Structure formats: structure tokens, C-alpha cells
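A quick note: this is a predicted structure, and the numbers were derived from the prediction, not measured. All chains are named by letter (A, B, ...) in the order of the sequence lines, taking the proteins before the strands, and each is independently numbered beginning at 1. Only this structure's heavy atoms are used, side chains among them; waters, hydrogens and symmetry mates stay out.
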Amino acid sequence: MSFRSSRGGGRRGRRGGRGCRDGSRERWEKGGDGGASRGHSSDRDRDQGAEGQGARHPPHLKGREIGLWYAKYGAVRRKQADRRSVRTVLGFMVLSETRTFISPAVAKDEPPDKWDEDEQQQDEKEKLMRVHEDLEFLFHEVVRDVSLDSYLKRDLQSKKSDPKYGEMLVGELVQLINSNRVLVVSGETGCGKTTQVTQFILDDHINRGMGSMCRVVCTQPRRISAISVAERVAAERAERVGNGNSCGYQIRLQSRLPRRQGSILYCTTGIILQWLRSDPLLSSISHLVLDEIHERNLQSDVLLIIVKELLNFRDDLKIILMSATLNADKFSKYFENCPMIHIPGLTFPVEEFLLEDIIEITRYRPQDPDRRSSWNRSFWQGRHIRPEKEEKETEYKESWPFYAEAPQANGCLFFLMFVCLFLEILLFFVCLSAAKCHVFVLQDGAILVFLPGWDNISSLNDLLMAQPMFRSDRFVIIPLHSLMPTVNQTQVFKRPPLGVRKIVIATNIAETSITIDDVVYVIDGGKIKETSFDIDNNISTLTAEWVSLANAKQRKGRAGRVCPGKCYHLYNGLRASLMDAYQLPEIMRTPLEELCLQIKILKLGSIARFLEKAPDPPTEKAVNLAIKNLIDLNALDHSENLTALGFHLARLPVEPHIGKLILFGALLGCLDPVLIIAASLSFKDPFFIPLGKEKLADMRRKTLSKNSKSDHLTIINAFRGWEEAKQHGARYEKEYCWDNFLSANTLQMLHNMKGQFAEHLMHAGFVSSKDPKDPKSNVNSDNEKLIKAVIVAGLYPKVAMIRPSHSKKRPGVKVYTQADGKVCIHPKSVNAEETEFNYTWLIYHLKMRTSSIFLYDCTEVSPFSLLFFGGDITIQKDEDQETIAVDKWIVFRSPARIAHLVKNLKKELDSLLEEKIRNSAPVDWQNRKSKDCAVITAIIDLITTQETPRAPWTRKHTYFDDDDDDKD
DNA sequence: GAGCACTGC
């Protein structure tokens, strides 16, 4: 068909200059899925319109897209002074949907984008000219054109007889929505449900003269999709996004709001959950559309529970649940078998191959089994299987002999089970020699390889780069991972020049978050990394698991965006038959503390009873553990009520420990630096790591740490460096980021988040200004030791003990936690290879079990900071040693006199802080004579002036600096 | 000696 071969034509190239894929766009926001794909299919239409003159619209288009296609088609024809087709445009605009007026000029244009100023101006000019052109027909008398009439009629009928069009009919959908309180809309990515359903609802209301009664809010799991979908919809409606128009978006710290009534708002799920605090009935919303709920994110699951409850209080609220087809009926069942409607997809067909097919096609025979099987073992880090997955593994092993005998199984399959084929297959795909294989001919298009993690991406990249062929300019190989700078570059979206093959090696980031349009071949490695929570050992885990069928389907779909594609799954049919339909919902594999606080602040009743109502509830044990942790944190009391501290923690949009960090940063007068840490811990650290430059990146971080023995202070240093560089101008900023492997985007986000936290603190009454840098909030901000103590206050009891290592093979230290025993400092930490610590304790935020148990970030902390900001203090006299201990675990040697002084001072501090938190008042640093100030200043002095001790492990097991005798 | 992916008035 003509439109398939039209890719890469001159027209395409010209548009590409400001298109959302390859233009000067810096970020990849537009790469989102869902509704964004709708945008691309329209893009597709445009190309076709340019060349498909005189042709009918492509058969896969429906509804509005047909209108858009003909709008484009019309524009081309108009240039040839053919007025008849202009009327065709109008005709279709009216006929295709019950829709308000759409200017063909804007409808056929790209959604507003962030291209260069010049280009934008140029574009505006072009647009104006086009509007002028388009308006021309308005001044001509409409005369009957019989041939057009019959054409229109035929076309409409043909569309109506097309089942896709029929199902997409506005009427049916709108009628279902109007006559039901809950409706499930199912359809695959690319079917247009995200951009269309909301508009159908609004337009129906407007048509009935009830426009002002309609406020549609549609939730998206990702920030990027909220923006891109809103922009797409606004473009379809011939408007700009936000500015009081009919369509807008809201995500954290960024919004372009539509008018309040008669409008559509796209927002992230988290935004709605925040709204619920001030508007528990969501009374400003008439229709709530929950999109992508099949992904089973924590937030969307929680919103489902709440919405189900909400229906008891709001009989005028309409709920539309949008899900992929595979588990749509689960949601229907959850809402008392509410009706479902299916919208068929628009993507191109993708041919799928399982491992046995691949062997058949490639005629692959392993050549050097020994080498590969060991390579395979290191390639997949499949050593740690989650208990619930073990059963399937056993079943696989038991079924294997039978499967191997079946006719479809190839003789060498058994072997392949252990051997990774990537290099061979990829080689095969891209350098087919006629002698080796006759079956395979590659067409143009990028290859997208899905691998579970950094290591695999790195190994495959190395393997490819070891081949002279792949190093040649016939290939461009792009590793894609959230930690690599490539995620923020446009390169991955660009179409390579003719004759150059693009190979993207990606994690599941390319499954939903980043959409690469020109992918035609997908190689699905079949594994995915998944975080989970090991409830028995009370630890988060990250392991590579077999993908679910839903993942496999999603990956497959990535190949069919521009033309029919092919997807190769590197697992056999037996494996496929044992795969889960879906990944475990996030709510079942994540710690629940923060969620529990949310439930409390939203006054949703008993935590356990609320969570029981989830579509897939977390285990009782998980819930109880979270509650216990919150009680230990003094956020909940024993009757599950929020304490004063808990109340403030629940109001901050961060997890409880980070909330506590923020509060203490405010109370102890080191707001700005502490907010940098808090933002970074709750979002992500700003460091990039280019593939192959891991060592260099480590060194730069180490330099930035300025020997603070702290990842947290390293981030402060990096951030301050960035602030300073930015003041000198954009060029310096860029240079600074580049030199230090920092992401300017992330740093900017952290900066914005700091502002948000400070605003929260001001509203809560803990500081007097919403400026994080306000001097009154920062009297102690240059006190590094105090900042470390505040980190203890926030993150306690996440403490680890340092002991010297006597191993000659691996110098450094040994690290232990109370619950896990020996753990490792993550190699990315600035403390990873540190041998000289000043103290014997570390405080950390994230601990996770992967190949071992790792502390991902940590800060060396002093005894006094643990004593004052840690847990309960006990004083003991064992044999000849007098000791003081925090929670009976962190033991220091100390004379009883000092120990008692510390204990009393700590008691004063506790009651002071409790009082401050209860009455949410800032500490008055001006009045040095006040009791507040006296106690806090005394403690700060102690923490600050404590001598740096001698080599800490010269004293056995316990350590406390006796030199402190003279201080109190 | 190692880093799936998201999100927050």
C-alpha cells in the first residue's frame, strides 16, 4: 500500500524538522504511550495524505482520524485549486462525529511543541497562511455536487459497515456512559481511547446544551503521557492546551489548566489522590476516567478502592475505567459487573516468533557450548528466584522432557534453555549471508532489544562493539536505561539515514515510557527486573524475572507503530504457557507505610479494612508490618490514630522517613541543604552514568563528596555547584553538568521540589518563608555535622555498623545491620571503597537485596548524632565497662556521668521537639535566652565540636570518645 | 564492584 512505502519521503523529512520525533526537541516527553500513539497514527495519516492523492483513507482509520486524514487530503487538493475536496473536508468533519467545529488548519497540525523560537515563528506564519487558505471556502456559495453527495454517502456507509467504526461510534459509548455509573472501556494502546473517550463525553454534553455540567478528569500513570495526551487533544480541538481552554493538564509542579467547567483535564493519578485531601467527594468532577489501570500501579489501585467507595456518596459521578483487553473483565467484576465496551486497536499487525521458531528460521546451532553457558549464567542474573515463582520453575523443569519430545520442539531446545542467544540472533538478523539463511530478509526499521538491566545492556553493547561490522557507520547502537544520559537525548528518536540500522538496547523503559516510532523489529529477552518486598526478611528485593504475557504483548506492540513488524521472544512455548498473565500488582509487592499514612489522612477508616477492599489486597502480614513501622516512627499511636508527627508526615508528599527529615531540617535551621537531600531521596539522585564511563563517573562523585563520607552531602555539593554554575549562564551550567555527569533536568526538578516542600512547611507553620534559602530557616546550614545529625533524625533506625576488614583480598570495611547481618555498601556510593572512616556508624535510606544486600546511599554519622536523634537510650554497666546504648544495639563506651547527662539532654530535646511539632512552630533563633534555643544550641554545640577521634576500630566493639568528658 | 520503571494540590 502506498502509505507504507511513503515513510522517509521528502515530505516526511521536511516535517521532521519540527516534528515531535526528530526536531530540535530536547526531551522525550512526547514519547509517551497511550493517547500519544493516537497522535502518531494521525501523523501517519498526514504522510499518507501528502502522497495518497485521489485515494481513499487507509482502512485502519476510524472516526475522527478519518476526518483528520481528509482534512489533510483536502489541504493538498486545495493547493491544486480543487474546491470540491474542500467540501469533502467539511462533509467529513460534520459526518464523522457529533463534534464541535474543528478548524482543519489546526487539526492537521502537529500538537504544540517546544521547537526553537525561530521555527515556532515560522510555523505560526505558516499556520496563519493556512488558516487563511482554509477560510477561503467560507466565502463561496455552497452548490450541490451530486457526485460528492454519493461519494459521501458511500463512504459513510462503508464506515458504518466496518465493525471498528461501528464500535467506535460516539453514540454507543456516550449512551453507555450516560446510562451507567461505571463503564469499562477496553482496548489496546493505539486504539485512541485516551484521546477520544474524554472528548466524546464533553462534546455530548455540549451538544445537549449541558456543557457547563461537564468536567472530565482523566488520570494517567506517567507525567509525560498526561502532557502529551492533553496537547494532542487540544490540537484536535483546534485549541492550545490550558489557558482556560477546553483541555489542560496538571502534574506535580507543572500545570496548564483548562476552564473549570465544560472541560477535560489530564492529570497524573497522584494529583487526584492529593485532591482528595481537600475535596473528598471530588465534587468538582463529573466524569472520572482512569486510564491504563491494567498496569496495576499502586496509585491507580488505591484510587480504584476510593472511587468504589465514593460511588456510595455521589450518585451523579460517572466512572470510566480504561484498560488493556487482557484483564478488562477483572475491573468489571470489581465494580459489580459493570458493562464493558471494546475498542479495537489501530496498530499494525506484528508477527510473533518463539524460540523454537527462531531456531528454525536462523538454523542456529550452538558452536561452543561451554563458553556460552557460562556467559549465559553471568548474563542473566537469575540466581535469586522469588518464592512464589519457584513453583513455576519446578513445573517448567518437570514438563520439559515431554515438551522436548513434541514435534514443535527443536532438537537443540534443551540446550538453548541455558544458553543466551542474543549475539547470535542479532548477528543473524543484521548480517544475513545468503549462505547461512535464505528465509530472512530484513526491511528498513529499527531493532529494539528488551533486556532486564544495566549489566545485560552493557554486555550486549560490548559484544556488538567487538564486531567490526557493528562499529561501522552502517549501525547506530543506542543503550537505553534510566541512568544513562541517552534517555534525555533525541538521538534515540531520530530516524537514521538510509542504509543505517538503528539498534536500541533497552530496559522496560521502552515498554511504556519511551516510544521509539520507527521500531519494526523487537527482540524480547523475556526477562524483566522487578522490585518486590520480602516480607519474611523485611527487605526490598530487585530480581530479574520472566516477563508476564502482558509485558510480552506490550513489547510486541512496540514493533507495529509504523508498519507491520516482527517480534522475537527468546523463550520457548513451554515457558510462554507457564507465564503469568500479568505482573503482580504493585500494591502486593511494595512497602505500605506511606500508603497507610495516606489512608489515615484521608480519613478512610481502619487501614486493614480499607486495604482488604483492593482488587488484589496486600497480605495481612504486610499491612501489619507497615503499621508497626509507623508506630515505631511515632507517626501512629497504638489505636492507629495519627500522632502530631504522623499528621505532618502524611501531609508531605514524600515517604515518612523523608518527611521526618524535612521537618527536622526546618526545626534545626538547616532547611536548604536538607531539602536538597529530601528531594533527591524521594525523586532520584541527579547523577548520570554513561555506559563505559562508570569509573570516571565514580571518580567525579568522589571528588564532589569533598571527603564528607556521605552520599547525601555529595548531592548537596553537586547541587550547590549547579546553582553557582547556573548563575554564570547556560553555557556554564551545561559544562558543569557534563563534567560532573549530572542531569540538569533532574537538578531542576529537585530545585522545584524544594520549593514545594518549603511551601508545605510554611503552611504547616514550621518556617516563616516559602523560600528554602530564607536566612531565618538556614541559621545552621553551613554546619555539616549538624546536617548529618538531621539525616539521622530523619532516617533512623536505618543504621549500619562499620567494622574493619582484615581481608587482604578486598580492602575496605565490613558493614552490618541489626536485622540482616553483613551487608554491602553499594559500589555507586562514595563510601564504597572508603577505608578511613571517622566513626563506626552509617545511616542510609535505601537498602535492597539484589545479588547481595546493598545500602544504596549512606552517610557516616557520629555517636552524638545517634544518641540525640536515634532511639531510646539505656545506660548499663557491664563488668568493668560503663556503656550508653541506643535501642540496645548501638553501644558506646561512656562514663556513667556523661551517659546520664546525655540521656537527660536527649529527654529535654525530645519534649521540646514534640512540643514544636504539636504546635508546629519554628524555633526562635533570635532569642538566645529562650529555653528552646538553649537546649538546641547545647546539643548542636555537642554535635559540632565533638573531636574527630582516632582510628575508630582500635577500640573493641564499642567506642565513645572519652575526650568529651569536659563538655556538657 | 553494580544501578527495572513510575509517582505526589
> Under 4.0 Å: is that the gap between some side-chain N or O of A/T850 and OP1 or OP2 of B/dG3?
Replying inline: yes
> Which listed nucleotide (B/dG3, B/dA5, B/dG8) is nearest to the side chain of A/T268?
Replying inline: B/dG8
> Taking the six-membered ring of A/Y582 as reference, does the NZ or CZ atom of A/R296 fall below 6.0 Å from its centre and within a 45° cone about the axis?
Replying inline: no
> A/R222 has a side chain; which of B/dC6, B/dG8, B/dA2 sits nearest to it?
Replying inline: B/dC6
> Checking all strands, does A/E759 fall into the base, sugar-phosphate, or nothing category for heavy-atom contacts under 4.0 angstrom?
Replying inline: nothing
> Would one find a side-chain N or O of A/H481 under 4.0 angstrom from OP1 or OP2 of B/dG3?
Replying inline: no
>> Of the options B/dC9, B/dC6, B/dG3, whose atoms approach the side-chain atoms of A/S278 most closely?
In response: B/dC9
> Is the number of heavy atoms from other residues, nucleotides or ligands under 6.0 Å of A/R651 CZ greater than 12?
Replying inline: no
>> Taking A/L846's backbone N and O only, do any of them form a donor-acceptor pair with A/D857's side chain (distance below 3.5 Å, no angle check)?
In response: yes
> Passes side chain to side chain contact (heavy atoms under 4.5 Å, CB included), A/S482 versus A/T507? Steps please.
Replying inline: CA-CA 8 Å; A/S482 68; A/T507 61; over 6 Å; no
>> Check the phosphate of B/dA5 against A/S482, side-chain N and O only, distance under 4.0 Å to OP1 or OP2. Yes or no?
In response: yes
> So what does A/I251 touch, heavy atoms closer than 4.0 Å: a base, only the sugar-phosphate, or nothing?
Replying inline: sugar-phosphate
>> Using a strict threshold of under 4.0 Å (side-chain N to carboxylate O), is an ion pair present between A/K847 and A/D820?
In response: yes
> Phosphate oxygens OP1/OP2 of B/dC9: is one of them under 4.0 Å from a side-chain N or O of A/Q756?
Replying inline: yes
> Where the side chain of A/T531 is defined as all heavy atoms beyond and including C-beta, which of B/dC4, B/dG3, B/dG8 is the nearest nucleotide?
Replying inline: B/dC4
>> Please report the distance, rounded to the nearest Å, between CG in A/N456 and C1' in B/dC4.
In response: 11 Å
>> Please pick, from B/dA2, B/dC9, B/dT7, the nucleotide with the shortest atom-to-atom distance to any side-chain atom of A/F683.
In response: B/dT7
> Considering only B/dC4, B/dG8, B/dG3, which nucleotide approaches the side chain of A/K529 most closely?
Replying inline: B/dC4
> Looking across every strand, which nucleic acid part, if any, lies under 4.0 Å from A/K684 by heavy atom: base, sugar-phosphate, or nothing?
Replying inline: nothing
>> Looking at A/Q250 and B/dG8, is any side-chain donor or acceptor paired with a base atom of the opposite kind under 3.5 Å?
In response: no
> How is A/D698 classified with respect to the nucleic acid when contacts are heavy atoms under 4.0 Å: base, sugar-phosphate, or nothing?
Replying inline: base
> Got a sec? Which of residues 822-831 of chain A come in under 4.0 Å of DNA chain B, heavy atoms?
Replying inline: A/H826, A/P827
> Does a nitrogen or oxygen in the side chain of A/S513 sit under 4.0 Å from OP1 or OP2 of B/dC6?
Replying inline: yes
> Can you check the A/L257 CG to B/dC9 C1' distance for me, whole Å?
Replying inline: 11 Å
